[in-house]
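Step one of this worksheet: look at the structure below.
We count ligands from 1, going down the list as the structure has it; atoms in each ligand are counted the same way. As a basis for the values below, the full set of heavy atoms in this structure was taken, side chains included, without hydrogen atoms, waters or symmetry mates.
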Amino acid sequence: MSIFKERTIELIRQALPDELQAELDLNRLVEVPPDPTLGDFAFPAFSLAKILRKAPAQIAQDIAAEIEKPVWLERVAVVGGYVNFFIEKGQRAHDVLTTIAAQKESYGSTVQDTPKTVVIDFSSPNIAKPVGVALIRTTILGHSLARIFSFRGYQVERVNHLGDWGTQCGKWIVGYRMWGDEEQLRLSPIKELFRLYVRFHKEAEVDPALEDAAREAFARLEQGDPEIYALWERFRSLSIEEFKTIYARMGITFDSYNGEAFYEDKMAAVVSMLTEKGLLQTSEGAKIVNLDDENLPPCLIQKSDGATLYATRDLAAAIYRWHTYQPTFVLYVVGAPQQLHFQQVFAVLRKAGMQWVDRYEHIPFGTIRFGDQAMSTRRGNVVFLEDVLNEASARALAIIEARNPNLAQKEQVAEQIGIGAVLFRFLVYSRMKDISFDFASALSFEGDTGPYVQYTYARAGSVLRKAAQVECNSTQLDYAGLNSAEEMTLIKELERFPDVVEAAEAAREPAGIAHYLLELCRAFNGFYHEHRVVGSNLEAERLELLRATRTVIANGLFLLGLEAPEEM
Ligand code: ARG
């Protein structure tokens, strides 16, 4: 929690009647008034009126009277049913800046009292049957959520639930045997497998026998035919290797690549568990779980030919994750079209008495449209993550060449800016919003973009380098001087960062952090525009303000998955 919110809550708690002290959720009740002249924090007494049988204004008076003013508090004022708190400015600047200076990259983070694990299932590409652009969004969103939960003190298990199983695998095998290009498979496996997939479907339209061949190949794979299994294994590991290279560019690693194939031998147990609990019904030869009482269509568990389905594998995965990780939460970062799928899977588990499924959440997100012609038409509906990163990086390099041609390590910085621009654009929208993406606006240095935030970070850094002054002991400075409107605005922004992170965790939504960073940068640029730093009589204090701003920008960018380049 932010420093002064925490202290204010503590003051209120002590001023409350004993019986209420433990009970009230003050973190939720205490507000920041929309108009700062009303105070820095406000406690509305209305919700206590019923319990205490007193008018809110009277309760507010009583609480205010109980408060013993600590040095950091300028004053308390009662307005109607509100107790308003005014924080002493110099103290505020001092405590916020020294806290950030001391905590550095952990400023805003939390330590949990007891160990807590969160499993985050994200990215999870279908390698056997490539799907469109949703992969980009789950990858970016899941990566950020993983960093946020980790910062909030959770043990995070990043799981890539690969789509590496199913009849489509038979299409790989048939396609490869007929039209496979060994060279391409080694160079660019994801695209080669995609090419085979597309070709298979085109050819199967005129030659339906191909479908049978594919089914037959998959059946043999399921039976463990060594030659076919080896081929499948090779396609799978080549794809994973290539994905790992792409993930590495984004700073992403996974703790597990247990995908659908991993659950192949764990599904008989699911079917027998459902049978034992009397949940399985037969319908037209298929096995289903009826979910009428949950107002959901039945969940299909086994087809009439005995084949299991996506849902069956997810049931097995859910049970496996519960036993393996004992998680506090399991988050499935998967597009909104799969809402029904997860409702059904969770409902089946609930019916089976597995109450822990209440910890499982589908984290849905909206669609993406690529505005740039180049991206949307080249391969029909499929936009490859790698192509998006390449294009963004190339464009960033061109921008650098134009703006700052002498920059050192241009390629590396271009990668940081280009990829950062994509990540930020994907995260600045709430996840349920549909995105229309185009490179030019994502990469603008002036808009609500990643490069704008990164540039603010670099700009503050260049001031610090110019000042080139020895690291001073921040605790001995006089922060009371930092009392202009712009400085107070900036200090308040810095102060609220921990609350922003907390809210992002609670909503499973990185967008709040992206918005916050834009506000913070605006507050910084507003300050920097109005006030001289180097050579002013508050130089040392203002340099501390710059350092703190940089720390918080870097921490926020990190939570979104972005790098903070020193120069750009
Ligand atoms: N491979 C799936 C797809 O691309 C996403 C998997 C999500 N995770 C899960 N446990 N179902 O649609």
May I ask whether Gln338 has any heavy atom positioned less than 4.0 angstrom from an atom of ligand 1?
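Yes, that is the case, since the closest heavy atom of the residue is under 4.0 Å from the ligand.
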Taking the minimum heavy-atom distance to atom 6 (C) of ligand 1, which of Phe342, Tyr332, Tyr310 ranks first?
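Nearest option to atom 6 (C) of ligand 1, by heavy atoms: Tyr310.
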May I ask you to check whether Phe426 and His143 place their ring centres under 6.0 Å from each other?
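Between Phe426 and His143, which both carry aromatic rings, the centre distance is not below 6.0 Å.
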I'd like to know whether the aromatic ring centres of Phe122 and Phe254 sit less than 6.0 Å apart in this structure.
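Yes, the ring of Phe122 comes within the 6.0 Å limit of the ring of Phe254, centre to centre.
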Tell me every residue that passes salt bridge (Lys or Arg N to Asp or Glu O under 4.0 Å) with Arg522, counting only those two or more places apart in sequence or in another chain.
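In terms of salt bridge (Lys or Arg N to Asp or Glu O under 4.0 Å), with neighbours along the sequence ignored, Arg522 is linked to Asp448, Glu519.
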For Arg496, which residues count as a salt bridge (Lys or Arg N to Asp or Glu O under 4.0 Å) partner, sequence neighbours excluded?
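Per chain and number, Arg496 pairs via salt bridge (Lys or Arg N to Asp or Glu O under 4.0 Å) with Glu493.
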Nitrogen or oxygen atoms of Ser124 and ligand 1 under 3.5 Å apart
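Looking only at distances, the answer is yes, because the N/O contact criterion of under 3.5 Å is met.
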Which atoms of ligand 1 are found less than 4.0 Å from any heavy atom of Asn126?
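Here the atoms of ligand 1 in question are 1 (N), 2 (C), 3 (C), 4 (O), 12 (O).
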Show which atoms of ligand 1 fall inside a sub-4.0 Å distance from at least one heavy-atom site of Asp121.
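Answer for ligand 1: 7 (C), 8 (N), 9 (C), 10 (N).
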Are Arg431 and Phe365 in a cation-pi setup, meaning NZ or CZ lies under 6.0 angstrom from the ring centre and within 45 degrees of the ring axis?
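No.
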